[in-house]
Amino acid sequence: MIPLSLSIVAIALLVLGIALVFKQSIFFTMIKETPGNSIFLKSFGYVHLFLALVSFVVGFMNKRSIALIFLIIMLLISGVFSLILSQKMKVK
């Protein structure tokens, strides 16, 4: 069950990471298009791509405690991204 769940999480993170790195125009409809915002989106895109890779590795390890630690870290990083993005959306 852990490998299947983390594989689904990894696919979602992979899609989000690719969108943040390569399809930034999607997000520039919500925030102002500046070099700083572009760097923000790319940096969090690479972080999400890294998290997708780690998710696959953790999923194949099939250890509950490691999976829970990974999920906590992933949720914290995604939460920080969401908070910063919502603040940037208010500015626009």
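On a predicted model such as this, the values are computed, not experimentally measured, just so you know.
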Mind checking whether [X] and [Y] sit in one hydrophobic cluster, side chains of I, L, V, M, F, W, Y counted as touching below 4.5 Å?
X: Ile73; Y: Val57; result: yes
X: Phe28; Y: Met89; result: yes
X: Leu68; Y: Leu76; result: no
X: Phe50; Y: Val21; result: no
X: Ile69; Y: Phe60; result: no

Drop me the distance from [X]'s [atom1] to [Y]'s [atom2], to the nearest 0.5 angstrom.
X: Ile8; Y: Ile11; atom1: CD1; atom2: CD1; result: 7.0 Å
X: Leu13; Y: Leu49; atom1: CG; atom2: CG; result: 9.0 Å
X: Ser43; Y: His48; atom1: OG; atom2: NE2; result: 10.5 Å
X: Ile39; Y: Gln24; atom1: CD1; atom2: CD; result: 10.0 Å
X: Met30; Y: Leu85; atom1: CE; atom2: CG; result: 5.5 Å
X: Lys88; Y: Thr34; atom1: NZ; atom2: OG1; result: 6.5 Å

If you define the side chain from C-beta out and look only at heavy atoms, does anything of [X] sit under 4.5 Å from [Y]?
X: Leu20; Y: Phe81; value: yes
X: Leu41; Y: Ile31; value: yes
X: Leu14; Y: Ile18; value: yes
X: Ser25; Y: Glu33; value: no

Those residues that, when tested against Ser86, pass side chain to side chain donor-acceptor pair (under 3.5 Å) (two or more places apart):
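Applying side chain to side chain donor-acceptor pair (under 3.5 Å) to Ser86 gives none.
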With a 6.0 Å cut-off on ring centres, are Phe40 and Phe44 close enough?
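Aromatic pair counts; centres sit under 6.0 Å.
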Using every non-hydrogen atom in the two residues, find where Asn37 and Lys32 come nearest and quote the distance to one decimal.
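Nearest heavy atoms, Asn37 then Lys32: ND2-O, 2.5 Å.
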How close do Ile26 and Thr29 get, heavy atom to heavy atom, and via which atoms?
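Nearest pair, atom of Ile26 first, then Thr29: O-OG1, 2.7 Å.
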Hey, is the main chain of Leu51 close enough, under 3.5 Å, to the side chain of Ser55 for a donor-acceptor pair?
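No, because the side chain of Ser55 does not come within donor-acceptor range (under 3.5 Å) of the backbone of Leu51.
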